[in-house]
Amino acid sequence: MPNTDRHDCIIRGTVVSCGPDVAPQAGTDALDVFTDGALHIAGGVIRNVGPATTVFAQAGSDHPPVHDFRGRLVVPGFIDIHTHCPQTNIIASYGEALLAWLHRYAFPAEERFADPEVAEETAQFFMDELLRNGTTSALIMGTVHAHSADAILRAARARGMRVAAGKLMMDRNCPEPLRDTAASGVTQSRELLRRWHGAGRLTYAISPRFAPTSSEEQLTGAGQLALECPEAYVQTHLAENTAEVAWVGELFPWAEDYLAVYEYFGLVRPGAVFAHCIHMTPAARQRLADHGGATAFAPSANLFLGSGLMDYPTQAALGVTTGLGTDIGAGTSFSLLRTAATAYQIGALYGLPLSAAHLLYLTTRGGAKALGLEDCIGHFAPGMEADVVILDPEASPLASRRTAVTTPEETLFALFTLGDERHIAATYVAGQPVTAHRSTHG
Ligand code: GUN
Ligand code: ZN
């Protein structure tokens, strides 16, 4: 078949992606590695993946243009399953733990989103920053303002990205300008859901900020909305900080624990993503797994706010679906490479150093699983959407030196330890390059 789409291409390089359910210390057998490999992309999806010789032979003589990244790693686009667009402007703000940090930094930043132009400009910057860091999909929190979700989803649509976002629901325990009501929170969320859910690559996320900032009436409404639309995501925070957990105990004295609040209101189900999950018993983690909820592990934010260390061994042993979240602006980087480096360090503190295969899983396929998108994004196979990142080990002198003579697995591990946005040579969204190429052959 002649190539008719100007964006069809064959990407050549060391192609690496994950199989299903990669264990914390899995080795290369959990990865599909083609050292001289290729991805044939047609119409925004992967047509073929494998050794370069096979992919070229099957593409025939009139194959589309080749983007030659030999010497670089070709991996699936990264998936950030918990972050806050409106907090871009307060990343790296000094000195507070969660509850004080919300009042001193996060809420004032979110109040500025009352101005639709601020929301618009920040969303554009935020989306470009994701792409610069190799993140092609994300689950994103807006502010209480309905137009925040519009701005985020419009910016994602303009870039062709697979993104989910939602307006926050908050009707108490926050500054007055950031409050909706139990009724308006649900009505606005429903309108947004109807407008955006399933529009191209976009999805809506029902987004009660966390239990303390929603009344029981509002949580009831959020649960009803979740019931109305079982395919919508639910995103919120859970058990991040000990003072927060104690406060939830005071606000919901009838609940057995923090998770039980969300369970009671019907918010724990497949497609529900709970950020942090630090201060939880193994039994509560088991309930989360049993109900199909997922955890967004946000190690950089957890350290930055001094919130604690998520018990990764227990989380993994119980099989709780887990992806990574940068959690901007409590998190300190947009880069999932850097976030994975911190995940590794927390694993190491628990005596469970995470392998390169698992770190790749957390940044790609694990996130896809948490979002119920394992059949669309997160690994390479024919028919999958072609979100692709090119990792360049030679983009910094140190990584270049460290990876001079290594296996692809060692190179991957070195990039998860030393890497940052300098090492993102290119990002492709649905087969289209969206950042400048630095290929070996121009
Ligand atoms: N818990 C409730 N809101 C937030 C937030 O904005 N960031 C973090 N890290 N935790 C929260
Ligand atoms: Zn968060």
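First listed ligand is number 1; within each ligand, the first listed atom is number 1. For the numbers below, each heavy atom of this structure counts, side chains included, while hydrogens, waters and symmetry mates do not.
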Report task. Return yes when atom CZ of Arg401 has more than 12 non-hydrogen atoms of other residues, nucleotides or ligands closer than 6.0 Å, and no otherwise. Result -> no
Requested in this report: Quick one: look at Glu244 and ligand 1, take heavy-atom pairs under 4.0 Å, and tell me if it's side chain, backbone, both or neither.
Outcome: neither
Query raised in the report: What are the atoms of ligand 1, with element, lying closer than 4.0 Å to any heavy atom of His84?
Result: 5 (C), 6 (O), 7 (N)
Report task. Supply the atom-to-atom distance Met170 CE to Gln218 CD, rounded to the nearest 0.5 angstrom. Result -> 9.5 Å
Query raised in the report: Is there a side-chain contact between Phe210 and Tyr262, using heavy atoms and a 4.5 Å cut-off?
Result: yes
Query raised in the report: Tell me, which protein residue and heavy-atom name are nearest atom 7 (N) of ligand 1, and how many Å apart are they?
Result: Trp101 CZ3, 3.5 Å
Report task. Could you tell me whether a side-chain N or O of Gln315 sits under 3.5 Å from a main-chain N or O of Thr322, the two making a donor and an acceptor? Result -> no
**Report entry** Where ligand 1 meets Leu102 - atom numbers and elements under 4.0 angstrom, heavy-atom basis
**Finding:** 3 (N), 4 (C), 5 (C), 6 (O)
Requested in this report: Examine all N, O or S atoms of Asp327, backbone included, and report whether one is under 2.8 Å from the Zn ion (ligand 2).
Outcome: yes
Query - Numbering as shown, the atoms of ligand 1 that approach Ala330 to under 4.0 Å (heavy-atom distance) - result: 9 (N)
Query raised in the report: Which ligand 1 atoms, with their elements, are less than 4.0 angstrom from a heavy-atom of Leu98?
Result: 1 (N), 8 (C), 10 (N), 11 (C)
Requested in this report: Could you tell me the residue and atom name of the protein heavy atom closest to atom 3 (N) of ligand 1, and the distance to it rounded to 0.1 Å?
Outcome: Arg209 NE, 2.8 Å
**Report entry** Distance-only side-chain donor-acceptor flag, His84 / Asp327, under 3.5 Å
**Finding:** yes
Report task. Could you tell me which atoms of ligand 1, counted from 1 in the order shown, lie closer than 4.0 angstrom to a heavy atom of Phe210? Result -> 1 (N), 2 (C)
Query raised in the report: Under 3.5 Å, N or O to N or O, is Gln87 touching ligand 1 that way?
Result: yes
Requested in this report: Mark yes or no for whether Arg269, through its side chain, and Ala226, through its backbone, hold a donor-acceptor pair below 3.5 Å.
Outcome: yes
Query raised in the report: So among Leu359, Thr403, Val33, Val16, which one has a side chain to side chain contact (heavy atoms under 4.5 Å, CB included) with Leu412?
Result: Val16
Report summary line: So the atoms of ligand 1 within less than 4.0 Å of a heavy atom of Asp327 turn out to be 8 (C), 9 (N)
Report task. Look at atom 10 (N) of ligand 1 and say which protein heavy atom is nearest, naming residue and atom and giving the distance to 0.1 Å. Result -> Glu240 OE1, 2.6 Å
Query raised in the report: Just checking, is any N or O donor in the side chain of Glu120 or Gln124 under 3.5 Å from an acceptor N or O on the other one?
Result: yes
Report task. May I ask you to check whether His276 brings an N, O or S atom to under 2.8 Å from the Zn ion (ligand 2)? Result -> no
Report task. Over 60° means perpendicular and under 30° means parallel, so classify the ring planes of His358 and Tyr312, tilted if in between. Result -> perpendicular
Requested in this report: Determine, using heavy atoms of His276 and all atoms of ligand 1, whether some pair is separated by less than 4.0 Å.
Outcome: yes
